[in-house]
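Numbers for residues simply follow the sequence, beginning at 1.
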Amino acid sequence: MLKNPNQKVIKRMAGNALKVNRRKTITLFFAVLLSSFLVFTIFTVGDSYFRLQKIQNIRMSGAEFDAIMYGVTNEQRQMCENNPDIVLTGTVGVCGWVEKTDQDSTPDVGLIWADDGYWTQMMEPVREKLEGRYPTALNEIMVTKSALKECGYEDLEVGDTLAMSYGTHEGIFTGTFRICGIWDGYGPKKQFYVSKEFYDQSGWKLSEAASGRYFMDFKQKIMTKTEQNAFIESMNLGKQQNLFFMEDLGASVQILAGLIGLITVTCLCAYLLIYNIMYLSVAGKVRYYGLLQTVGMTEKQIKRMMKEQMLLIGSAGTVLGCLSGGMVSFFLIPVVVKSLGIKSGYVGADMVRFHPAVLLATILLVGVTIFLASQKPTKMAADISPIEALGYRPTHKTVKERKAGDKKERCKRRQNGKIKCGILLLLICFLVVAVKNPAFAETETGNIEICIEDTGEQIKREGVTFQYSKVASLVDGAYEMEKRYEDKGVDLNEVRYAREQEELARTLSKYHYSDGLCRTDCDGKATLTNLRAGVYLIYVEDESEYEVQPVLVQLPKWEEDKGAMNWNVRVCPKQTIREEAAKTGDSQQAGAWAMLCLGAGILILLLAVKKD
């Protein structure tokens with residue numbers, strides 16, 4: 001049999017069929033477009049979130065690791081080194097602090113030692129600048145400009161010497177150190193790195209929880225809480241030891257499950273919508289497909305024509321869906337990832353990145369969905385015989401008769417209902433993604449628990465009224481002052497020391513701005529709830545005979561030991577008896593004694609006069 005080159009004819013017939021059935025074609029087109037848009041956007045948001053979360057955690061922590069253990073024994077270290085799931089380990093030893101220098105008597109700088117695994121490999125992603133080398137001699141230190149400025153020597157360079165008093169486990173000593181290197185980047189920078197020889201002479205041991213820090217980088221980047229707890233139990237921790245996993249290692253499971261769920265529902269809705277529209281189209285055109293076979297069209301050619309129709313609709317819908325998803329992602333991704341806790345101050349302004357794998361995955365997933373949805377209607381169209389087509393009679397009944405129970409019409413109504421449900425579900429999926437824009441994005445909130453500690457003194461704990469006022473908001477990783485505080489000449493981003501923070505709290509409390517109040521209970525506790533990220537001023541307006549120190553509270557607060565942001569912050573303002581109140585009490589006592597002495601003197605004088 002000679003081959004009949006009718007591919008062009010089939011393509012032309014497929015195009016004409018789409019033009020004739022415009023309403024169904026447009027519905028199918030938008031179903032594919034919307035599903036590809038949602039799948040592409042979800043994939044892009046997920047990829048960007050996990051990438052940015054990793055960068056942020058590395059830079060906030062100062063190194064790339066998945067878990068940290070406080071205090072490590074030789075047996076535990078050997079277990080981790082032999083564990084195939086752990087690809088890298090690093091050790092850090094806290095061994096002292098800078099007591100004072102000639103330029104500053106209260107520097108806030110620590111002394112730590114790091115092994116080669118931590119310094120060379122784990123810290124490599126956070127270092128932006130490195131001059132010199134790591135210390136090897138007893139009197140050598142690796143510094144940062146921030147630590148030097150804290151000591152009052154910010155102009156020193158590599159090769160210069162620094163004289164200081166420092167403290168270790170053995171006591172306070174004085175020495176002169178040579179700067180063998182300077183580095184800069186992310187993470188804690190107010191610390192000097194010392195040599196292994198210095199650490200060995202400091203008196204500290206890595207097995208002590210106050211000194212040893214053991215960092216672990218796991219092969220698997222997603223671990224459930226059950227897996228984390230099982231690993232912690234296998235380490236046989238001592239009484240003072242603790243092991244913490246980075247928050248993203250467990251939280252990623254929930255976020256990943258949510259993204260997979262959204263993609264699954266989106267593809268399911270698209271499948272139902274395409275299937276039902278094509279099913280109704282074939283069921284209403286039985287005579288058409290039967291006549292095609294009557295004029296010589298084979299089943300294979302009918303299937304090819306149906307596939308050509310879906311190829312045209314699928315190609316156009318997928319391309320436009322991916323393009324629209326790419327354009328929307330420039331506005332959507334920064335908002336979504338920020339609402340999930342990502343700060344541009346740590347990851348930079350370039351948040352949007354399109355990975356080729358995302359485009360390929362979207363095309364593959366949407367293509368498979370279209371293929372599966374069109375399989376049964378295509379087969380049904382090809383199976384219609386000319387005899388069945390000749391016996392087909394379209395029904396023309398009234399509304400009342402159709403309501404009476406015509407089987408075909410009831411089936412058609414059910415299919416229409418399925419289409420409406422599919423459209424509704426797709427719209428719901430679209431809204432789930434759309435609500436992440438600035439107009440609808442929800443910001444995470446936290447709580448501040450205020451407590452007055454029982455110090456044993458006769459101070460008031462119950463019924464103390466605290467005022468609170470939001471001083472600044474957290475915007476792109478930096479603090480932006482509220483409007484009422486903008487003209488006060490204050491920049492919280494420049495506050496570095498605790499004493500500066502205390503003085504600033506006292507100054508701001510004098511303006512008496514308040515967003516609300518709370519009172520302590522019988523246990524001396526009060527809680528402020530549903531607070532957005534920022535800095536809050538906590539103070540007492542009417543202190544009577546008690547003085548309560550105003551405090552500035554950061555929400556959320558970074559917990560170094562847990563490696564995560566804490567949205568439930570606890571603060572205990574100091575409360576003391578006022579000097580004026582004490583003086584008033586003393587003066588009252590003195591007055592009473594004076595009156596008593598005066599009365600006694602008058603009595604003695606009267607007795608003396610009477611005796612005379």
### Task
Output yes when Lys190 and Glu150 qualify as a salt bridge under the 4.0 Å nitrogen-oxygen rule, no when they do not.
yes
### Message
Set out, in order, the CA-CA distance, both residues' side-chain angles and the distance that settles side chain to side chain contact (heavy atoms under 4.5 Å, CB included) for Tyr536 and Leu531, then state yes or no.
### Response
CA-CA 9 Å; Tyr536 292 84; Leu531 301 178; 3.6 Å; yes
### Qualifying salt bridge (Lys or Arg N to Asp or Glu O under 4.0 Å) pairs, either residue in residues 197-212, two or more places apart
Lys196-Asp200
### Task
Using modelled atom types only, decide if a donor and an acceptor are shared between the side chain of Gln228 and the backbone of Met223 within a distance under 3.5 Å.
yes
### Query
Any donor and acceptor pair, going by atom type alone, linking the side chain of Tyr539 with main-chain N or O of Leu508 inside 3.5 Å?
no
### Query
Minimum heavy-atom separation for Leu206 to Val92, with atom names?
CD2-O, 4.0 Å
### Task
Let me see the working for Asn568 and Glu449 under side chain to side chain contact (heavy atoms under 4.5 Å, CB included), right down to the final yes or no.
CA-CA 7 Å; Asn568 296 291; Glu449 180 184 339; over 6 Å; no
### Query
So which pairs with a foot in residues 227-240 pass salt bridge (Lys or Arg N to Asp or Glu O under 4.0 Å), sequence neighbours left out?
none
#### Entry: Check: Ser195 side chain, Ala137 main-chain N or O, donor-acceptor pair, under 3.5 Å
yes
### Query
Would you say the ring centroid of Phe231 lies under 6.0 angstrom from that of Phe218?
yes
### Task
State whether the side chain of Asp217 and the backbone N or O of Val87 hold a donor-acceptor pair below 3.5 Å, judged by distance alone.
no
### Message
Restricting to side chain to side chain donor-acceptor pair (under 3.5 Å), what partner residues turn up for Asn139, sequence neighbours left out?
### Response
none
### Task
Would you check, one step at a time, whether the test salt bridge (charged side-chain N to carboxylate O under 4.0 Å, His left out) holds for Arg178 with Glu140?
CA-CA 5 Å; Arg178 189 178 72 86; Glu140 291 180 338; 2.8 Å; yes
### Query
Using 4.0 Å as the upper bound for N to carboxylate O, is an ion pair formed by Glu75 and Arg77?
no
### Query
Phe192: what forms a ring pair (Phe, Tyr, Trp, His ring centres under 6.0 Å) with it, not counting sequence neighbours?
none
### Query
Heavy atoms, side chains only, cut-off 4.5 Å: are Gln121 and Glu64 in contact?
no
### Message
Apply side chain to side chain contact (heavy atoms under 4.5 Å, CB included) to residues Ile448 and Val571 and explain how you reach the verdict.
### Response
CA-CA 7 Å; Ile448 297 177; Val571 60; 3.9 Å; yes
### Message
Closer than 3.5 angstrom, by distance alone: can the side chain of Ser211 be matched with the main-chain N or O of Val94 as a donor-acceptor pair?
### Response
yes
### Results of ring pair (Phe, Tyr, Trp, His ring centres under 6.0 Å) for Phe43 - residues two or more places apart only
none
### Query
Which atoms form the tightest heavy-atom contact between Asp85 and Asn83, and what is the distance?
N-OD1, 2.9 Å
### Task
Not counting sequence neighbours, list each pair that qualifies as a ring-ring contact (aromatic ring centres under 6.0 Å, His included) and has a residue in residues 121-142.
Trp119-Tyr134
### Query
Does a side-chain heavy-atom distance below 4.5 Å link Tyr485 with Leu537?
yes
### Task
Indicate yes or no: at least one non-hydrogen side-chain atom of Phe466 is less than 4.5 angstrom from one of Thr520.
yes
### Query
Should Ser473 and Glu482 be marked as a side-chain hydrogen bond (donor to acceptor under 3.5 Å, both in side chains) after you check the CA-CA gap, both sets of side-chain angles, and the distance that decides it?
CA-CA 7 Å; Ser473 299; Glu482 296 293 312; 2.6 Å; yes
### Message
Quick check against the 3.5 Å criterion: does Asn229 have a side-chain atom that pairs as donor or acceptor with the backbone of Lys225?
### Response
yes
### Task
Decide if atom CD of Gln240 counts as having more than 12 heavy atoms of other residues, nucleotides or ligands within a radius under 6.0 Å.
no
### Message
For a 4.5 angstrom cut-off between non-hydrogen side-chain atoms, does Cys518 reach Ile450?
### Response
yes
### Query
Hey, is the main chain of Val535 close enough, under 3.5 Å, to the side chain of Gln554 for a donor-acceptor pair?
no
### Side-chain donor/acceptor of Gln76 to backbone N/O of Thr73, under 3.5 Å
yes
#### Entry: Those residues that, when tested against Asp116, pass side chain to side chain donor-acceptor pair (under 3.5 Å) (two or more places apart)
Thr120
### Task
Please identify each residue that fulfils ring pair (Phe, Tyr, Trp, His ring centres under 6.0 Å) with Tyr468, with sequence neighbours left out.
none
### Query
Closest approach of Lys189 and Ala147, non-hydrogen atoms and distance?
O-CB, 3.6 Å
#### Entry: Backbone of Phe198 reached by a side-chain donor or acceptor of Gln201 within 3.5 Å
no
Side chains of residues 159-172: which donor-acceptor pairs under 3.5 Å do they make with residues two or more places apart or in other chains?
| residue | atom | partner | partner atom | Å |
| --- | --- | --- | --- | --- |
| Asp160 | OD2 | Glu157 | N | 2.7 |
| Ser165 | OG | Thr174 | OG1 | 3.3 |
| Thr168 | OG1 | Glu170 | N | 3.2 |

### Query
Taking all non-hydrogen atoms of both residues, which atom of Pro573 and which atom of Val551 are closest, and how far apart?
CG-CG2, 4.2 Å
### Message
Test of understanding: with ring pair (Phe, Tyr, Trp, His ring centres under 6.0 Å), list the residues that count as partners of Tyr153, not counting sequence neighbours.
### Response
none
### Message
Going by side chain to side chain donor-acceptor pair (under 3.5 Å), name the residues that satisfy it together with Tyr118, two or more places apart in sequence or in a different chain.
### Response
none
### Query
With sequence neighbours left out, what residues match Asn236 under side-chain contact (heavy atoms from CB on, under 4.5 Å)?
none
### Query
Can you tell me how far the OG1 atom of Thr41 sits from the CE atom of Met327, to the nearest 0.5 Å?
10.5 Å
